[in-house]
There are 2 protein chains.
Amino acid sequence: MQKIEPISDFDRITCMAAISLKTHGFRAKCLQRLVRLDLPVPTTVAVPASTVRQIATGHAVDCEAILAHFGPTPLVSVRPSPENPDWGGPATVLNIGMNAARHAALARSHGEEAANAIYLGFIQSYAIHVARLDPEMFDTTGASGEALRAALHAWSEEMDEPFPQDPARQLAEVLRSMARAWEGTTARLLRQAKGAAEDARLGLVVQEMAQDLGQGISGSGVIQFVDPATGGPQVTGRFFNQSGGRHRKAETLYLTRDPRGPSLEDRAPEIFAALCRHGSVCRARLREEMQIEFTIEDSQLAVLDAVRVQRSSRAGLRIAVALAEDQVITRAEALLRVEPRALSELLHPQVDPRGKRDRFVRGIPASPGAAVGRIVFSSQAAQASAARGEPCILVRRETSPEDIRGMNCAAGVLTERGGVTSHAAVIARGLGLPCVVGASDMRLDARDKRLVAPDGRIFTEGDIITVDGTAGEALAGAAAMLSPALDGCFRKLLSWADEMRDIGVRANADTPAEALVAREFEAQGIGLCRTEHMFFTDDRLVVMREMIFADSATDRAAALARLLPMQRADFVQLFEIMQGHPVCIRLLDPPLHEFLPHSREGMLELAEALDRPLSEVMRRVEAMAEFNPMLGMRGVRLGIALPEIYDMQAQAIFEATLEVARRGDPVVPEIMIPLVSARREVELVKTRIDAVAAAVHTKFGRDFAYRLGVMVETPRAALRAGEIAQHAAFLSFGTNDLTQMTYGLSRDDAGRFMNTYVQSGVFPEDPFHILDVDGVGELLLIGAERGRRTRPDLVVSICGEHGGDPESIEFCRKAGFDYVSCSPYRVPLARLAAAHLAIRERMAAKPH
Amino acid sequence: MQKIEPISDFDRITCMAAISLKTHGFRAKCLQRLVRLDLPVPTTVAVPASTVRQIATGHAVDCEAILAHFGPTPLVSVRPSPENPDWGGPATVLNIGMNAARHAALARSHGEEAANAIYLGFIQSYAIHVARLDPEMFDTTGASGEALRAALHAWSEEMDEPFPQDPARQLAEVLRSMARAWEGTTARLLRQAKGAAEDARLGLVVQEMAQDLGQGISGSGVIQFVDPATGGPQVTGRFFNQSGGRHRKAETLYLTRDPRGPSLEDRAPEIFAALCRHGSVCRARLREEMQIEFTIEDSQLAVLDAVRVQRSSRAGLRIAVALAEDQVITRAEALLRVEPRALSELLHPQVDPRGKRDRFVRGIPASPGAAVGRIVFSSQAAQASAARGEPCILVRRETSPEDIRGMNCAAGVLTERGGVTSHAAVIARGLGLPCVVGASDMRLDARDKRLVAPDGRIFTEGDIITVDGTAGEALAGAAAMLSPALDGCFRKLLSWADEMRDIGVRANADTPAEALVAREFEAQGIGLCRTEHMFFTDDRLVVMREMIFADSATDRAAALARLLPMQRADFVQLFEIMQGHPVCIRLLDPPLHEFLPHSREGMLELAEALDRPLSEVMRRVEAMAEFNPMLGMRGVRLGIALPEIYDMQAQAIFEATLEVARRGDPVVPEIMIPLVSARREVELVKTRIDAVAAAVHTKFGRDFAYRLGVMVETPRAALRAGEIAQHAAFLSFGTNDLTQMTYGLSRDDAGRFMNTYVQSGVFPEDPFHILDVDGVGELLLIGAERGRRTRPDLVVSICGEHGGDPESIEFCRKAGFDYVSCSPYRVPLARLAAAHLAIRERMAAKPH
């Protein structure tokens with residue numbers, strides 16, 4: 001067998017070395033930048049990812065050649081350098097090169113105890129991470145000569161050989177173990193959860209140890225210049241004086257002057273000033289807030305590393321805004337540095353501290369914000385609940401990757417087990433979901449679907465609870481909530497987004513409360529106001545039912561006349577809140593039987609309220625039942641069959657328009673016809689609504705404008721958009737229903753198998769969650785294109801729940817849609833996502 | 001005011017006159033043809049439709065000029081001549097020109113009584129049809145001078161003037177009254193029901209009266225040479241000797257020699273021979289079986305008119321075939337002369353005379369054939385019933401045009417009132433629906449939805465009855481039925497159709513009985529075999545439910561193993577019946593809850609059968625309920641979630657294939673995956689079915705072929721047909737579901753408003769009845785085009801209920817589909833319709 005030459009593909013990091021993020025990882029790249037900025041970086045060698053990969057598969061690397069860079073008695077550290085710092089990597093190993101000879105030399109120069117501590121630390125680290133020995137065997141206190149001998153003995157007992165003395169062999173083993181650790185299943189899953197690709201690789205950096213053992217100020221520390229929680233300016237970090245001998249009690253210094261104790265700023269003002277200078281250079285030249293890792297050896301500063309400051313979403317936003325305001329980065333860059341989905345974390349409501357708190361269990365606050373919902377005990381139930389539009393709280397012993405879909409559907413998460421870095425906590429933070437973990441005092445019985453609180457109270461599936469992820473508590477019932485406070489940075493960033501973006505963003509809002517949120521988040525109007533919710537309050541429901549049970553058009557008209565002022569008041573309120581921004585009102589959509597009671601008690605009540613025999617009520621309720629309500633007598637079909645309903649709604653809209661306009665706000669209401677499948681439907685409804693408008697005009701003697709459009713929810717409406725647009729000023733795609741019909745798939749019923757379908761890759765994604773670009777998307781393109789061919793000024797938009805999704809926004813923008821409409825809380829996300837798209841397009845268009 | 005010149009736009013019919021069907025109507029055109037054939041036609045003047053229209057609007061026509069063609073003492077008839085004889089027209093008026101002078105002359109030449117009879121007849125006819133006087137006033141018996149004087153007196157009493165003596169005035173009034181009658185509402189509705197356009201016009205012919213009053217053989221008659229019921233050769237008609245004087249008892253002669261009495265053939269053999277010659281000339285030269293109207297005046301034959309022989313559908317078919325066999329017309333012409341929809345009348349089953357007949361009421365046999373169905377009392381209920389796929393009998397007091405849609409959906413019609421020409425009767429014959437009218441002994445209470453038989457039995461909505469339209473009786477329950485006998489002509493015509501057509505025709509057949517009908521009607525295979533019906537028999541349902549309730553894959557497999565041999569036997573039977581013709585089997589499609597009981601009793605039974613607690617059965621049945629079953633867990637979704645079911649079906653198909661092949665018939669089964677919406681669904685199912693095929697191959701050691709395809713029922717499958725075709729050998733469009741999803745409209749629920757929708761023109765037609773070419777049709781085109789781009793040899797077809805509809809066949813043929821599949825009874829219709837399309841296309845391509 002031919003001897004294979006050891007690999008010698010690695011580079012000393014210098015200004016000129018060919019180091020790239022892709023080949024050598026983030027840390028190597030960053031260190032080269034520090035070198036270029038003239039920061040005092042110790043000698044460093046970068047081992048590229050390709051080499052590390054070869055090491056993992058059994059190839060040897062020429063460690064002698066690496067160590068040649070570090071002088072005759074090398075002492076080095078090895079740190080991981082993946083492409084993205086979030087992808088983790090094996091633990092750093094320090095002081096490679098320690099051996100008996102070096103120990104003796106250190107003992108002479110820095111004393112026995114320090115030398116013992118360093119050698120012992122290396123042996124422990126090597127034994128645990130490289131040789132994978134039992135940590136307990138090396139768990140000693142103190143740094144006595146005896147402890148050191150015991151560790152060396154334990155090693156040779158365990159390994160049948162003395163502790164390796166050759167620095168090159170030590171380095172080779174460390175590199176091999178780190179390379180292999182990267183390939184482990186757990187590590188792979190963890191980084192893939194953070195978005196790493198299947199074949200993501202690891203680079204490594206070998207760096208000269210800066211000995212933090214000198215006389216005077218000597219030690220190691222980290223420093224950063226912003227608060228990681230808020231992003232505001234503040235020096236934070238730590239410095240351990242005399243930390244080199246770990247087993248000796250090191251002295252912790254504050255970084256800045258502090259009444260509580262000694263500080264680096266006091267002890268070594270010039271070093272502190274140098275650190276601040278370095279920080280400032282990094283911020284300006286690396287264009288980012290960096291955390292600097294440093295050592296001081298006999299008052300000599302060495303910068304070992306600098307990493308991007310870890311930050312909360314809130315801090316990330318503030319840092320980006322501050323960098324842009326200091327003109328370190330452009331506004332466009334600031335926008336791109338904030339992930340749209342991260343915004344949702346900032347938008348979560350909190351439990352109102354003034355309200356009553358009925359806490360039933362405490363746990364660990366794992367993801368901030370609070371949420372109210374019904375208890376569900378499985379991811380499947382969470383999805384079913386989401387399908388019904390009911391917020392739910394997912395309660396689990398602990399979560400696993402199989403629960404991600406369920407968590408996606410939940411308003412909040414509560415687990416019995418786990419800590420701040422448990423699966424549930426990590427994922428919940430990623431999703432911006434309020435989450436409490438480790439609520440170990442409660443007992444969970446998933447089989448019987450019961451949760452027993454420490455005080456014995458029992459909660460079952462469907463019970464309403466509140467998860468307070470900020471306080472780490474779960475409360476019984478629906479706690480009073482406070483809307484999130486949006487600070488100036490948030491508003492500033494989004495105002496920049498508005499300057500950049502080129503597609504409109506509206507909100508879906510049915511109620512004044514939702515409309516207020518929409519305005520708070522600066523939606524450019526309401527893109528979908530569903531009127532049916534307005535009829536579900538008790539007082540109106542009775543009149544609504546009277547209307548439904550009317551035997552003649554006259555009786556129906558009488559009931560509708562009573563609904564008219566209520567409906568008008570709804571619209572007056574909405575128009576006033578929206579202050580002249582457009583409000584797109586969808587005429588009544590659901591099948592009328594949704595307004596009827598389905599229990600015997602409910603029917604009895606209705607019979608009494610209507611003064612009709614129960615048998616009649618039961619018969620009529622039964623007669624109205626439908627096999628497939630989704631495909632039944634609803635939407636415009638109601639408008640054709642019982643045109644008086646739409647007449648009343650149109651009259652209410654027009655009268656509200658005049659009423660609000662009189663007080664000053666100009667209103668141009670938009671009226672949207674749901675579930676259209678044929679041109680003639682639009683024509684018939686339009687004729688009547690135009691007549692209502694004329695009647696209102698005559699009655700009040702004042703002019704007003706309005707726009708009539710169509711909600712495109714059936715494949716046929718998309719295909720026939722050309723002729724439908726003859727009678728429509730706008731088309732808004734209701735992608736929820738359109739997805740249902742394009743797939744022949746009811747969202748209410750799909751929960752049962754959607755999990756399996758997505759897991760086995762039948763659908764790449766849940767099409768109710770991510771817009772199906774291939775199928776539904778083609779219908780959107782066809783509809784928009786044909787509609788605009790008929791009417792070039794046709795306003796085209798999307799108002800399904802996909803409207804707030806960045807991928808869908810991208811799709812709609814490419815297709816030249818005028819706006820997207822999404823739930824109010826997603827408006828900021830949509831504004832930012834839209835800005836990202838415009839910026840990225842401009843960047844792609846011009847060479848860097 | 002300027003005097004307007006009377007119109008003189010009319011033509012004497014000669015060989016050279018410019019007479020056309022369009023301008024002068026069928027009768028004028030036909031008479032010209034007879035003139036050209038040298039038949040002894042009396043002088044005739046054709047008044048074109050344009051002139052008649054002017055007359056109707058008040059213009060005068062130059063009657064003097066018309067009468068100038070008829071000598072100094074004209075005596076003429078006026079007959080209607082619309083473009084199409086089926087469109088009706090006003091009644092013929094005879095003997096215009098009769099007046100006192102003419103009466104005196106006739107009395108001298110033919111005797112007082114004959115003269116009286118003729119004059120009296122004219123006065124009556126003129127008074128009733130022209131002056132619109134009460135017929136009773138002119139209702140006399142005998143032709144005495146007194147009766148004549150009374151009639152003249154009644155006239156002058158009523159009209160304040162003596163009976164008009166001027167022939168020109170008489171003619172003008174007759175023409176005016178006939179022109180106006182054509183414009184009447186009733187007349188217009190009647191002819192529009194027969195397909196006349198809104199602006200269909202009437203021509204008139206004025207013809208010299210051939211006096212049938214002479215000595216010897218004198219009289220009038222009609223003769224034709226085929227049996228109007230069967231179309232077989234047979235001289236039929238009548239001759240009234242001495243018929244000119246109507247009030248005198250005329251002598252009726254048989255036409256051919258007859259033992260029962262004197263015949264024209266005996267009395268005037270040379271005239272009879274001339275008639276036969278004329279008939280033969282007409283058949284050969286007019287290329288049609290004609291009924292000849294003739295008079296004989298003193299042994300002089302005059303041919304007054306010849307019209308197309310009225311015929312039943314059966315006779316029409318036989319005549320067309322006979323003309324083609326005699327090479328009078330081409331086979332293509334023979335095919336075009338038979339309307340595809342007329343065939344369905346020939347295909348109706350009859351009540352088996354050997355069976356039990358529980359007649360509950362007698363009526364008038366109005367449309368032949370028999371049908372079994374559930375009673376419905378309204379058109380709406382009929383449509384709902386059709387939507388559920390349940391045959392129904394529409395029971396009405398009488399029908400009106402609003403009922404046409406309901407009749408279209410009914411299997412048969414029973415009315416309390418009306419005669420053979422009532423609305424119900426006419427429409428039912430048109431639709432080929434068995435119909436009994438005038439069942440006046442029953443009492444109908446449409447409000448309470450009850451039918452009370454003469455014997456007191458009460459039938460309510462949903463009760464099953466049989467309508468025997470051939471016998472004119474309604475029977476309680478489902479009578480035993482006989483399939484229609486298809487004679488040689490029928491088969492011959494369809495064999496010609498098969499030679500001409502260029503698109504395949506298969507049948508949808510789920511059961512051996514249906515497959516037998518499909519073969520009887522020479523379908524080229526089964527295009528859709530729905531397997532779910534196979535599991536609804538009692539013995540299988542229990543096993544099916546066991547399978548559904550199985551807690552584990554093992555239990556499920558055990559139940560499926562019991563279903564396997566039953567399912568295999570189904571396919572063996574089908575394959576054997578189809579004798580090597582392709583059979584396309586759709587894998588299980590409906591949601592599993594359709595197999596579960598829904599009543600408490602049913603669930604109790606099931607609990608006993610499965611030996612499980614009732615509560616569990618109820619819970620699981622409830623848990624399987626779906627909000628929108630149409631869009632739920634069905635079709636390929638079942639195949640993905642519970643793949644064992646499709647495995648079992650595939651195994652049954654393959655084993656049956658081998659079993660039947662062993663006995664000699666080669667079988668290449670086609671397996672169709674329902675409700676596909678994504679490529680990957682097909683891929684997953686295909687992988688498993690290929691594996692099953694491999695296993696069966698290994699087990700039996702014998703080769704077999706099969707084809708796997710996709711039923712395109714979701715809009716997405718049509719849009720993504722390109723990638724779906726990667727794994728499919730064929731695509732078959734299930735237009736029922738595809739229509740539901742394209743419109744977002746459930747057929748089960750649409751019944752409530754479809755009537756309104758079609759009547760108010762929202763939809764031009766019920767899209768479940770006539771293929772929606774614009775919307776659903778576009779998806780068909782997209783799917784076919786994209787599928788074939790991927791796989792040029794892809795077999796494309798349609799298997800929804802639209803498959804048997806001539807318009808849909810036309811659409812599919814244009815789109816290059818390989819075949820259509822329709823219900824077995826529509827196969828002949830589809831074969832003929834397809835031939836029509838091919839022939840018409842060839843005719844349009846080449847100039848005549």
Side-chain angles (χ1 to χ4, degrees), chain A residues 387-388 591 624-638 640-641 675-681 683-684 713-720 723 737-750 752-753 756-757 760-764 767 772 774-779 782, chain B residues 387-388 591 624-638 640-641 675-681 683-684 713-720 723 737-750 752-753 756-757 760-764 767 772 774-779 782:
Chain A
R388 291 192 302 272
M624 287 183 76
E626 293 184 306
F627 296 99
N628 295 285
M630 178 63 55
L631 308 176
M633 179 71 172
R634 51 173 284 239
V636 68
R637 294 160 196 162
L638 281 178
I640 304 274
L675 206 73
V676 163
S677 65
R679 183 188 57 79
R680 182 93 179 117
E681 290 171 327
E683 209 175 343
L684 288 172
E713 298 163 280
T714 67
R716 197 174 190 280
L719 293 169
R720 305 307 295 167
E723 54 180 24
D737 278 12
L738 190 57
T739 301
Q740 303 200 66
M741 289 163 193
T742 305
Y743 275 90
L745 180 54
S746 149
R747 194 167 55 157
D748 296 333
D749 299 308
R752 293 203 185 142
F753 57 92
T756 323
Y757 251 56
S760 52
V762 184
F763 295 164
D772 160 44
D774 293 339
V776 178
E778 182 174 8
L779 289 174
I782 288 174
Chain B
R388 290 192 302 273
M624 288 185 75
E626 293 186 304
F627 296 100
N628 295 285
M630 178 63 56
L631 308 176
M633 178 71 174
R634 50 173 284 240
V636 69
R637 295 159 196 164
L638 281 178
I640 304 275
L675 206 72
V676 164
S677 65
R679 182 190 55 80
R680 182 91 179 115
E681 290 171 326
E683 210 176 342
L684 288 172
E713 298 163 280
T714 67
R716 197 173 190 280
L719 293 170
R720 306 306 297 167
E723 52 180 23
D737 278 11
L738 190 57
T739 300
Q740 303 200 69
M741 289 164 195
T742 304
Y743 275 89
L745 181 53
S746 148
R747 194 168 55 158
D748 296 333
D749 299 308
R752 294 206 182 135
F753 56 91
T756 322
Y757 251 57
S760 52
V762 185
F763 295 163
D772 161 42
D774 293 338
V776 179
E778 183 174 9
L779 289 175
I782 288 174

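Remember, predicted model here, so these are calculated numbers, not experimental data. A note on names: the letters A, B, ... follow the listed sequences, proteins ahead of strands, and every chain is numbered from 1.
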Practice prompt. Before giving the answer on side chain to side chain contact (heavy atoms under 4.5 Å, CB included), spell out for B:Leu719 and A:Leu779 the whole-Å C-alpha distance, their side-chain angles and the decisive distance to 0.1 Å.
Written response: CA-CA 9 Å; B:Leu719 293 170; A:Leu779 289 174; 3.7 Å; yes
Scanning both residues in full, the closest heavy-atom pair of B:Phe627 with A:Asp749 reads N-OD1, 2.9 Å
Honestly, the part of B:Ala718 sitting under 4.5 Å from a heavy atom of chain A is neither
Interface check, chain B: of A:Ala641, A:Ser677, A:Gly635, A:Pro591, most non-hydrogen pairs under 4.5 Å belong to A:Ser677
So, the part of B:Asp737 with a heavy atom under 4.5 Å from chain A: the answer is neither
Closest heavy-atom pair, B:Ile640 versus A:Val762, reported as atoms and distance to 0.1 Å, is CG2-CG2, 4.2 Å
*asked:* Quick check against the 3.5 Å criterion: does A:Asn628 have a side-chain atom that pairs as donor or acceptor with the backbone of B:Met630?
replied: yes
Cut-off 4.5 Å, heavy atoms of chain A, and the answer for B:Arg720 is side chain
Checklist entry - If we only count heavy atoms from C-beta on, is the B:Arg716 to A:Asp774 side-chain gap below 4.5 Å? => result yes
When the 4.5 angstrom heavy-atom criterion is applied to B:Phe753 and chain A, the contacting part is side chain
Comparing A:Ala678, A:Ala717, A:Pro629, A:Gly632 against chain B, the one with the most heavy-atom pairs below 4.5 Å turns out to be A:Pro629
Residues A:Pro715 and B:Met741: closest non-hydrogen pair is CD-O, 3.2 Å
Whatever's closer than 4.5 Å to a heavy atom in chain A on B:Glu681 counts as both
Separation between CZ (A:Arg637) and OH (B:Tyr743), nearest 0.5 Å, reads 10.0 Å
Turns out that what part of A:Glu778 lies under 4.5 Å from chain B's heavy atoms comes down to side chain
Under 4.5 Å to a heavy atom of chain A? For B:Leu684 that would be side chain
Highest number of heavy-atom pairs under 4.5 Å with chain B among A:Gly775, A:Ala625, A:Gly744 belongs to A:Gly744
